[in-house]
Asker: 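Please find one structure pasted underneath; my questions will follow.
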Amino acid sequence: MFKNFAGQLRNEFAGYNASRLAQDALAGITVAAVALPLALAFGVSCGADAAAGLITAIIAGIVISALSGASFQISGPTGAMTAVLITIVARYQLQGVFIVSLMAGVILLLCGIFRLGKLVSYIPGPVVTGFTSGIAIIIALGQVDNFFGTFSEGENALAKLASYAELGFSPSWQAILVGLLVILIMVVYPKKWNARVPSSLVSIIIVGILSNLLGFEVASVGVIPRTLFPEVRLNLGEVQWDAMANFISPAFTIAALGMIESLLCGASASRMKDEHFDANQELLAQGIGNILIPFFGGVPATAAIARTSVAIKAGCQTRLTGIFHAVGLLACMFLLGPVMAKLPLAALAGVLIVTAWRMNEWHEIKEMFSKKIWVSIVEFAVTMVCTVVFDLTIAIVVGVVVAYALKFILKKKAA
């Protein structure tokens with residue numbers, strides 16, 4: 001395994017020169033521009049804070065990029081992980097998230113050591129599409145409070161919606177205006193400009209400035225500490241070891257999601273760059289990264305297809321692109337912390353709502369329904385509903401069981 005990784009590095013950096021270094025640096029800066037608003041938004045939306053999302057992106061960008069199974073993988077907080085973390089934060093607070101992340105990292109590390117990277121290939125495409133759409137729904141529902149400036153209670157998005165019946169629903173027109181303006185800018189923003197300066201970054205800058213100039217009374221991101229060692233981080237001395245059994249199920253859920261999302265991202269991106277992807281090495285990298293991240297106060301990370309594809313299109317040469325992106329985010333933390341602290345949460349909610357819409361695999365969904373491929377439609381629908389109502393692990397298991405059961409039934413009928 002170590003020999004394979006060493007060989008991979010030799011091939012990757014063969015003939016490396018100043019020109020390729022410059023390309024890596026520019027690609028890293030481009031990815032950092034895309035990752036900055038997403039890191040802030042995902043940190044807040046999962047129940048942590050913007051700093052946690054930023055720290056996750058920085059540590060993941062350095063550690064996981066350095067050890068990755070390919071030159072192009074960019075890891076950090078993702079929407080899919082956010083959807084799972086909402087319930088864990090509500091139930092066990094941030095210390096619980098840190099413990100779950102550590103345990104999930106150990107599971108991912110073991111999966112890499114025992115070379116289980118091929119397991120993802122057995123998950124049918126419609127099941128993956130279904131849980132992606134389910135996660136998109138959870139992300140969008142989870143932004144109701146920030147978008148409308150309201151307050152709710154509950155362990156998940158559905159419970160929060162139900163709580164409005166008791167708590168009441170009194171939206172703030174200022175928060176709604178901020179969120180709608182972000183969505184409008186992101187929708188009308190020219191695609192050719194998006195390759196250089198992402199619409200998410202432009203929208204929160206414009207709306208953030210307008211909101212502060214007009215004196216809008218909306219909730220903001222809050223203080224972003226200029227340190228990688230915030231007060232709230234994993235402290236093994238505070239761990240209640242007798243309650244560890246409660247974290248086993250969430251840890252497997254996080255590990256399963258990290259495995260699925262990272263390996264699907266790697267498989268897709270390897271075709272984009274026409275480069276070999278080592279799935280087992282990627283699992284090792286994700287495992288080590290997620291073991292370390294909670295000690296810095298971050299949340300679980302996975303490889304992100306949006307940021308990875310941006311890296312490839314921006315001219316990524318080696319894994320240094322991921323490291324440069326992390327350095328760029330670190331510079332933003334120290335230089336722009338006071339500015340980012342004033343960003344309205346409604347603006348970040350707008351970014352996530354558009355992100356949730358775009359993360360759906362619309363091409364596959366349209367093909368399924370237009371061609372009336374009923375087996376795929378059932379697999380997609382069942383997995384999507386289970387993802388929203390239950391959790392990712394149950395959704396994947398149910399989706400796979402339904403998929404293979406339908407195939408078995410169809411074979412029996414054909415025979």
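Remember, predicted model here, so these are calculated numbers, not experimental data.
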Asker: Can you give me every donor-acceptor pair (side chain of residues 55-65, partner residue at least two apart or in another chain, under 3.5 Å) with its distance?
Answerer:
| unit_1 | atom_1 | unit_2 | atom_2 | d |
| --- | --- | --- | --- | --- |
| Thr56 | OG1 | Ala52 | O | 2.7 |
| Thr56 | OG1 | Val299 | N | 2.8 |
| Thr56 | OG1 | Val299 | O | 3.3 |
| Ser65 | OG | Gly61 | O | 2.8 |

Asker: Holding to side-chain hydrogen bond (donor to acceptor under 3.5 Å, both in side chains), I want the full list of residues that pass it with Thr308, two or more places apart in sequence or in another chain.
Answerer: none
Asker: Under 3.5 Å, side-chain donor or acceptor atoms of residues 212-219 against the rest of the protein: list the pairs with distances, not counting sequence neighbours.
Answerer:
| unit_1 | atom_1 | unit_2 | atom_2 | d |
| --- | --- | --- | --- | --- |
| Asn212 | ND2 | Gly208 | O | 2.7 |

Asker: Going by the rule salt bridge (Lys or Arg N to Asp or Glu O under 4.0 Å), which residues pair with Lys371 if we only count those two or more places apart in sequence or in a different chain?
Answerer: Glu367
Asker: Just to verify, what does Gln93 make a side-chain hydrogen bond (donor to acceptor under 3.5 Å, both in side chains) with, not counting sequence neighbours?
Answerer: none
Asker: Holding to side-chain contact (heavy atoms from CB on, under 4.5 Å), I want the full list of residues that pass it with Ser101, two or more places apart in sequence or in another chain.
Answerer: Asn290, Pro294, Pro300
Asker: Using the side-chain contact (heavy atoms from CB on, under 4.5 Å) criterion, which residues pair with Val339? Sequence neighbours excluded.
Answerer: none
Asker: State which residues pass side-chain contact (heavy atoms from CB on, under 4.5 Å) with Ile353; sequence neighbours excluded, sorted by chain then number.
Answerer: Gln143, Phe147, Ile183
Asker: Side-chain polar contacts of residues 26-47 - donor-acceptor pairs under 3.5 angstrom, sequence neighbours left out - could you list them?
Answerer:
| unit_1 | atom_1 | unit_2 | atom_2 | d |
| --- | --- | --- | --- | --- |
| Thr30 | OG1 | Leu26 | O | 2.9 |
| Ser45 | OG | Ala41 | O | 3.1 |
| Ser45 | OG | Phe42 | O | 3.3 |

Asker: Asn360: which residues meet the side-chain hydrogen bond (donor to acceptor under 3.5 Å, both in side chains) condition with it, sequence neighbours left out?
Answerer: Ser133
Asker: Could you work out, with side-chain contact (heavy atoms from CB on, under 4.5 Å) as the rule, every residue matching Thr318, not counting sequence neighbours?
Answerer: Glu12, Phe13, Tyr16, Arg20, Asp24, Leu320
Asker: Could you tell me which residues satisfy side-chain hydrogen bond (donor to acceptor under 3.5 Å, both in side chains) with Ser199, sequence neighbours excluded, listed by chain and number?
Answerer: Asn194
